[in-house]
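Just below is one structure, and these are the notes that go with it.
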Amino acid sequence: MGAAGQLEDDAHLIMPDRFDRPMVNTIVNGLGPYPFIIDTGASKSVIYRGLTALTGMAAIPNRSRRIITATGYKRVLVYPVTDFYVLGRTLKVEETVALPDIIGSDAKGLIGVDMLAGHTLYMDLKSGAANLELSTDDGPGEGWVMVQGRPVAYGSLALEVNIGGLDVPVIVDTGASDTVINTAGSEAVARSAEGIRRETIRASISGGREMIFTALRVPEFNVGAFQHQNMRLVVSDVPVFTLLGAKDVPAIILGMDLLGEQPFAIDFKNWRLYLKQASVTSSTTHAR
């Protein structure tokens, strides 16, 4: 039995890393399984350098690529790839790049939006299951609430949320453990919405070390028909806001602290977010 056959029983199992980002077992070039983070905020799928050492993968001579990461632009080495086996599907790619390992995470790489294009990603953290299917115009069916969005950057999903009457653009990012608002957004929300409280918290943003941050506690955070109460927004001008042209305008990275509250699906063909209708009102008190 090949590696893919051995993987069938747990191919759809979500294994959160220590930063609460969803990992799934992945076969790379027929080797594995290895845990990879499903990261809908990442433009490219990548492997970490620890995996290249573990498998003996060699970089393509005289090849490098400049890519966007959560901390800015990086020039990295390119590696040949025959296929990735992810969530029960073989996704063909010709090459990938290697980044430094994330300290404190067991992840061996990232599955980015380049592999997810044309598919709908389903996740249910409470049951610990994920799935990947070819997108259809009909969506996942009855019992799901749809929020229409649009593609941004290299294929991530963007949409708008409403905080106290203020519409703010967000990027749906399963690679972010916390929902993050930039300084311009925090100031606009504080001016527009009532009942905003400021807190000092410890959090790890973009896979970095744990640090002290300011956070906003907002009474209502609406994503389509879903109303999240007592939502915590970490205030940080992480480099991705600048890379997306949102340094000086309100913007949010929608992370797993909110997404993980209910089953959700992200359609990378029709650019939609689907939320399971069972819990239209919820309370988010996630904290470290």
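For reference, positions follow the sequence shown, starting with 1.
Side-chain contact of Arg75 with Ser64: a donor-acceptor pair under 3.5 Å is present, judged by distance alone. A side-chain donor-acceptor contact under 3.5 Å links Ser105 and Asp17.
Residues Val235 and Phe213 form no side-chain contact, since every pair of their non-hydrogen atoms from C-beta on lies 4.5 Å or further apart. Under the 4.5 Å side-chain criterion, counting only non-hydrogen atoms from C-beta, Glu199 is not in contact with Leu216. When side chains are defined from C-beta on, Lys269 does not count as touching Thr120, because their heavy atoms never get closer than 4.5 Å. With a 4.5 Å cut-off on side-chain heavy atoms, Tyr79 and Ile47 count as touching. Between Asp124 and Asn131 the shortest side-chain heavy-atom distance does not fall below 4.5 Å. Considering only heavy atoms from C-beta on, Phe36 comes within 4.5 Å of Lys108 through its side chain. The side-chain heavy atoms of Ile111 and Phe84, taken from C-beta on, include a pair separated by under 4.5 Å. Looking at Leu258 and His228, their side chains come closer than 4.5 Å, going by heavy atoms from C-beta outward.
Hydrophobic clustering, with ILVMFWY side chains joined whenever heavy atoms are under 4.5 angstrom apart, groups Val81 together with Tyr34. One hydrophobic cluster, built from ILVMFWY side chains closer than 4.5 Å, cannot hold both Trp144 and Leu254; they sit in different ones. Cluster annotation: Val249 and Val240 are assigned to distinct hydrophobic clusters (Ile/Leu/Val/Met/Phe/Trp/Tyr, side-chain heavy-atom contacts under 4.5 Å, transitive). Under the 4.5 Å side-chain heavy-atom criterion for ILVMFWY residues, a single connected hydrophobic cluster contains both Val145 and Val161. When the side chains of ILVMFWY residues are joined at heavy-atom separations under 4.5 Å, either directly or via intervening members, Phe241 and Val152 end up in a single hydrophobic cluster.
Between Gly164 and Ala193, the shortest heavy-atom distance links the atoms CA-CB, 3.9 Å. Counting all heavy atoms, side chain and backbone alike, Asp267 lies closest to Ser135 at OD1-OG, 2.9 Å. Between Arg198 and Ala190, the shortest heavy-atom contact is NH2-CB, 4.0 Å.
Taking CG of Asp167 as the start and CG of Asn162 as the end, the distance is 5.0 Å to the nearest 0.5 Å. Between Met256 atom CE and Ile38 atom CD1 the span is 10.5 Å, to the nearest 0.5 Å. Going from atom CE of Met57 over to atom OG1 of Thr96 covers 7.5 Å, rounded to the nearest 0.5 Å. Atom-to-atom distance recorded for Thr183:OG1 and Asp237:CG is 3.5 Å, nearest 0.5 angstrom. Note: Met115 CE to Leu110 CG = 10.0 Å, rounded to the nearest 0.5 Å. In this structure, Leu99 CG and Leu77 CG are separated by 10.0 Å, a value rounded to the nearest 0.5 Å.
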>> Evaluate Tyr122 against Tyr274 for ring pair (Phe, Tyr, Trp, His ring centres under 6.0 Å), listing each step before the verdict.
In response: CA-CA 9 Å; Tyr122 295 83; Tyr274 293 92; 8.0 Å; no

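For the pair Asp178 and Arg232, the salt-bridge criterion is met [side-chain N within less than 4.0 Å of a carboxylate O]. Between Glu95 and Arg63 a salt bridge is recorded (basic side-chain N to carboxylate O distance below 4.0 Å).
For Phe221 and Phe226, the gap between ring centers reaches or exceeds 6.0 Å.
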